Amino acid sequence: MNLDFKQIFTAFMVLFAVIDIIGNIPIIIDLRKKVGHIQSEKASLIAGVIMIVFLFVGKSLLNLIGIDVNSFAVAGAFVIFFIALEMILGITLYKDDGHNAITASVFPLAFPLIAGPGSLTTLLSLRAEFATENIIVAVISNVVVIYVVLKTSAKIERIIGANGINIIRKVFGVILLAIAVKLFAHNIKELLA
């Protein structure tokens, strides 16, 4: 096992920006108001399992349908690009309002809010560049952060405030935009080579 702190940190930051758990605090609080209690442990664990399973099965699934990882990474760069635009411009391109009190911890919280199309695409895009063990450590680290944020979301909102959350969301949006450009440039070069 060859753990590389730089890869772990980069993968952690990319996933943290894509998942945008801080920017989703208003959605989490709204969901709590609608359905009551949210099981933070269950939501975090299920999201982590979905992401790690997809990290391993995703490539095989792509091979089954005849798509290579670099092509998927280029497509993922577009998805990340649009997520970044949502964060920077404050618009919503994808919205799912199906709330059910019984399954709120799993759907829509664990999937698709946390382990959604953006994070799953990002995982395979990262796999094209980073070692798998480093990505797993980054996923687990993100799951821990997600758990802490879910447990303390009301407190965080009071401390940071609405303006603070908006600023954080925009900063991570710009970082994510730069990452999308880098992923696109790296993988398009591999495809054209």
Side-chain angles (χ1 to χ4, degrees), residues 5-52 79-120 122-123 126 134-180:
F5 180 74
K6 185 180 176 190
Q7 282 191 12
I8 292 169
F9 182 74
T10 304
F12 172 82
M13 289 305 292
V14 171
L15 284 170
F16 185 78
V18 171
I19 294 168
D20 187 29
I21 196 68
I22 302 294
N24 283 322
I25 287 175
I27 297 168
I28 294 163
I29 290 168
D30 186 50
L31 191 60
R32 274 192 191 188
K33 286 176 187 169
K34 286 179 182 173
V35 300
H37 177 70
I38 290 175
Q39 296 173 323
S40 305
E41 301 87 358
K42 186 177 182 181
S44 305
L45 189 64
I46 289 172
V49 168
I50 289 171
M51 288 189 279
I52 290 173
V79 172
I80 295 167
F81 178 82
F82 288 118
I83 291 170
L85 284 181
E86 282 184 344
M87 293 167 73
I88 294 167
L89 302 175
I91 57 173
T92 303
L93 299 174
Y94 171 77
K95 189 173 182 180
D96 187 2
D97 287 330
H99 301 309
N100 183 337
I102 299 166
T103 60
S105 298
V106 178
F107 184 85
L109 192 55
F111 180 83
L113 193 63
I114 298 169
S119 54
L120 297 180
T122 302
L123 283 170
L126 289 171
N134 295 327
I135 300 170
I136 291 171
V137 173
V139 168
I140 293 169
S141 303
N142 264 291
V143 168
V144 170
V145 171
I146 289 164
Y147 172 74
V148 170
V149 170
L150 289 176
K151 274 291 192 201
T152 60
S153 57
K155 254 185 223 172
I156 291 171
E157 188 191 36
R158 280 195 306 271
I159 292 168
I160 297 175
N163 287 334
I165 290 171
N166 284 335
I167 290 167
I168 291 169
R169 191 177 179 100
K170 298 214 185 301
V171 168
F172 274 105
V174 172
I175 292 169
L176 206 54
L177 200 57
I179 290 165

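Note that this is a predicted model, so its numbers are computed, not measured.
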Q: What is the minimum heavy-atom distance between I88 and K170, and which atoms define it?
A: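 Scanning both residues completely, I find the closest heavy atoms to be O-NZ, 3.0 Å.
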Q: With side-chain contact (heavy atoms from CB on, under 4.5 Å) as the test, pick out the partner of S44 among V49, V145, V143.
A: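 With S44 as partner, V49, V145, V143 yield a single side-chain contact (heavy atoms from CB on, under 4.5 Å), made by V143.
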Q: How long is the span from the CG atom in L15 to the CG atom in L176, to the nearest 0.5 Å?
A: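 Output value for this atom pair is 10.0 Å.
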Q: Start with the C-alpha distance between N142 and I21, add both sets of side-chain angles, then the distance that settles side chain to side chain contact (heavy atoms under 4.5 Å, CB included), and finish with yes or no.
A: CA-CA 9 Å; N142 264 291; I21 196 68; over 6 Å; no
Q: How long is the gap from CD on Q39 to CG on L45, to the nearest 0.5 Å?
A: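 That separation rounds to 11.5 Å.
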Q: What is the minimum heavy-atom distance between I80 and A180, and which atoms define it?
A: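 Heavy atoms of I80 and A180 come nearest at CG2-CB, 3.8 Å.
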Q: Is there a donor-acceptor contact under 3.5 Å from the side chain of N24 to the main chain of I19?
A: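 Yes; at least one donor-acceptor contact below 3.5 Å.
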Q: What's the separation between atom OG1 in T122 and atom CZ in F16, rounded to the nearest 0.5 Å?
A: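 The distance works out to 14.0 Å.
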Q: Which donor-acceptor pairs under 3.5 Å do side chains of residues 107-115 form with protein atoms, sequence neighbours excluded?
A:
none

Q: Could you grab the distance from atom CD1 of I25 to atom CD1 of I165, nearest 0.5 Å is fine?
A: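 It comes to 4.5 Å.
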Q: Roughly how far, to the nearest 0.5 Å, is CG of L126 from CZ of F12?
A: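 F12 CZ to L126 CG: 13.0 Å, rounded to 0.5 Å.
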Q: For the residue pair M87 and R169, what are the closest heavy atoms and their distance?
A: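 Looking at all heavy atoms of both residues, the closest pair is CE-O, 3.4 Å.
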Q: Hey, are the side chains of I160 and I167 touching, using non-hydrogen atoms and a 4.5 Å cut-off?
A: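 Side-chain contact under 4.5 Å: no.
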Q: Roughly how far, to the nearest 0.5 Å, is CD1 of I146 from CD1 of I28?
A: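 The CD1 atom of I146 is 9.0 Å from CD1 of I28, to the nearest 0.5 Å.
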Q: Apply side chain to side chain contact (heavy atoms under 4.5 Å, CB included) to the pair V79 and V18, showing each step before the final yes or no.
A: CA-CA 10 Å; V79 172; V18 171; over 6 Å; no
